[in-house]
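Written below as structure tokens is the structure these notes are about.
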Amino acid sequence: MEDNNLDNRLLTVDDLHTSFFTPSGEVKAVNGVCYYVDRGEVVAVVGESGCGKSVTQLSVMKLVQSPPGKITKGHVWFEGRDLLTLKDKEMRQVRGAEISMVFQEPLTSLNPVLKVGTQISEVIMTHSRCSKKEAWEKGTHALEEVGIPDPARRMHNYPFEMSGGMRQRVMIAIAVACDSKLIIADEPTTALDVTTQAQVMELLMSLVQKRGISLIIVTHNLGLVTRYADRIYVMYAGKVVESGTARDIVTYPKHPYTVGLLQSVPKLDERKDTDLIPIQGAPPSLLDLPKTCSFLPRCPYANELCGKLCPPDLREVGDNGHFSACHLDIGEVEE
Amino acid sequence: MFSYFIKRLLMSLLTLVLVSIFAFSIMKILPGDPVRLALGEAVPEEKVQELREEYGLNDPFFVQYFNWVKGIVTKWDFGRSILTGEEITDLIAQRLPVTFSLGLPAFILGIVLGLLLGIVSAVDRGGIVDNIVSFFANLSLGVPQFWIAVMGVYVLSLKWKLIPLQGYVSPSASISGFLSHAVWPVICISTFIFAVIARQTRSNILEVIQQDYVRTARANGIKNSSILFRHTLKNALIPVVTIIGVQMRMLVCGSIIIESVFNIAGLGNLLLRGVTSRDYFIVQACVLLISFVTVIANFLVDIAYGFFDPRIRKSWR
């Protein structure tokens, strides 16, 4: 990992391991993940369902359900502190005030029996010394900022009186209400319809840019993030398999999995009869990871050597911090 | 909101009417002549017919029903016992306070303990408290109530001589007498409601804690106490309210079993007497009274739902 401009570094996740201890064995959901986020940077974590991308973020926030989940190893450095060593009370002061999360399901992520205003102002009151009334005003202001019309009236609404897009805006309002330095958006648009998706992403991006907040977008939608992210981490079976600038990842993918992901994204300018190329097979069981490269069984490029070597580590494959965990050196994607 | 209550009230009234018809017909459907039963085999047929005429038992079904309802509505008169000729209204007036004085403390004790220990055991999931509470809750549900009652009497009364063997003393006669007589019956009646509420509260909390919105609250750094009481409990208690409503009828009909074990002259005992001796009017009156309370309880539960759940409250408009 490159270590220049460390002052600018906000979050460094170092060799993070999170496991779920189930009756059938230890599920290694996160298996040695490293990444970093600079101030004001937009980073995307991409991978298919069950690759550990969400669990990684929940681990950073120490929100993994325990039991059965447990962070077994690693460090999460945030502004010089290792979050994993913080006590519960100290961690609560980080959550919502320094790092905020926006979750996938706006329909279920807000409490159905509490007013939207109650939920926002409670977060504000928790993290700043202010009266109930001031918190309510700040909350109203936050709703206004995320583009909710008639915010003063909306504060008195319950979540079920709002549309999905509106609720996600409320989630974002809560996330920015306490001036967090980092927002982790876990599949922020997956549950929304397409037109709302774009609006919510634009809103998130404009807030982030205006306030200089860092943003981690977790998604399986590679098409979505190439537009917004500065850098991309591609995760597979609990590990980062490729990382680099958004441009490098999209134009010069070095890992066969990334190549597969890119080929499976539909493009508007393609002819209708061109088939999408799916990635064959299914991800490996996290209960029993292979001793070799975990992508090997599905890899179209694999050769004999791959089956004999240990799982590949990330190695530098290009300028601008482009890393890939593959023994091979695949060139340009064959069109 | 007002129209909602009117609607609910009318529905409750309709339920009451239907239940009263049902209560009235249930003993008519059963074979056997209660008057003959009351007077005995030796009495000549004319005498039986005379009494049947006096009680109006030879009138058509709906005339009988109408007269019965008219008596209750206009004069608060539930009729007379066929066997003893006592006024049922008086019988109820004597026995209701007895049952109520046991049922209310048991009800409150069961709810308070059930909620409290349900919450504690959910927080302490898998811990010592959780296991102890689960053990007692399952014991209360699994072991017949009369067995608990009898064993308690055996130990507390016969062996240790802490409480009287059986019977009842009104609190207006002697507070200490009431307490010593009532303590064990009250505990026995409350075990069931305690067990149901504790288990339901625990499992609901554990379910709600898994919800996305609780995770959101955690992710926002909300304090644990607020997560439990504000974010979790309000959602978790909605099903518990239903149980409390269902159990509310216990306030008037009490526990028939417990009243029998302790030989307490409550409403449950009256109902039992009515059923075993085919005393029509007593059974009808008791069933009607119990359904009346049940209907009221359901009405209160509906209002409580609205208090806990804004989705229901808003749909009232």
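Order of the sequence lines sets the chain letters (A, B, ...), proteins ahead of strands, with each chain counted from 1. Everything numeric here is computed off the predicted structure, so don't read it as measured data.
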If you count heavy atoms of other groups shown closer than 6.0 angstrom to CZ of A:Phe160, is the number above 12? yes

Contacts with chain A made by residues 108-122 of chain B (heavy-atom distance under 4.5 Å), listed by residue number: none

Toward chain A: residues of residues 290-301 of chain B with heavy atoms under 4.5 Å: none

Would you mind checking which part of A:Met125 comes under 4.5 Å of any heavy atom in chain B, side chain (CB onward), backbone (N, CA, C, O), both or neither? neither

Heavy-atom pair of closest approach, residues A:Glu105 and B:Asp212: CB-OD2, 3.9 Å

Neighbour count >12 (heavy atoms, 6.0 Å) for atom NE2, A:His141: no

Using a cut-off of 6.0 Å, state whether more than 12 heavy atoms not belonging to B:Ile128 lie near its atom CD1. no

Looking at A:Glu122, A:Arg92, A:Arg95, which one forms a side-chain contact (heavy atoms from CB on, under 4.5 Å) with B:Ile222? A:Glu122

dist A:Asn111:CG -> B:Ile227:CD1 (nearest 0.5 Å) comes out at 10.5 Å

Is B:Phe307 atom CZ crowded by more than 12 heavy atoms from other residues, nucleotides or ligands, each under 6.0 Å away? no

More than 12 heavy atoms from other groups under 6.0 Å of NZ on A:Lys138: no

Given heavy-atom pairs under 4.5 angstrom as the criterion, report whether the side chain, backbone, both or neither of A:Glu161 touches chain B. side chain

A:Ile184 versus chain B, the contacting section by heavy-atom distance below 4.5 Å: neither

Shortest non-hydrogen contact from A:Thr126 to B:Gly221? CG2-O, 3.4 Å

For the interface with chain A, which of B:Gln211, B:Lys234, B:Arg230 has the highest count of heavy-atom pairs at distances below 4.5 Å? B:Arg230

With chain A, which of B:Gln210, B:Arg215, B:Arg218 has the greatest number of heavy-atom pairs at distances under 4.5 Å? B:Arg215

Over all heavy atoms of both residues, which pair between B:Ala219 and A:Met61 is shortest? Give the atoms and the distance, please. O-CE, 3.6 Å

Measure distances from A:Pro112 to the heavy atoms of chain B and classify the residue's part below 4.5 Å as side chain, backbone, both or neither. both

Cut-off 4.5 Å, heavy atoms of chain B, and the answer for A:Leu63 is side chain

Among A:Val102, A:Leu107, A:Val123, A:Asp88, the residue with the most heavy-atom pairs under 4.5 Å to chain B is A:Val123

Tell me whether B:Phe192 at atom CZ has more than 12 heavy atoms from other residues, nucleotides or ligands lying less than 6.0 Å away. no

A:Arg153 atom CZ: more than 12 heavy-atom contacts under 6.0 Å: yes

Ignoring hydrogens and angles, tell me if any N or O in the side chain of A:His127 forms a donor-acceptor pair with the backbone of B:Asn220 under 3.5 Å. yes

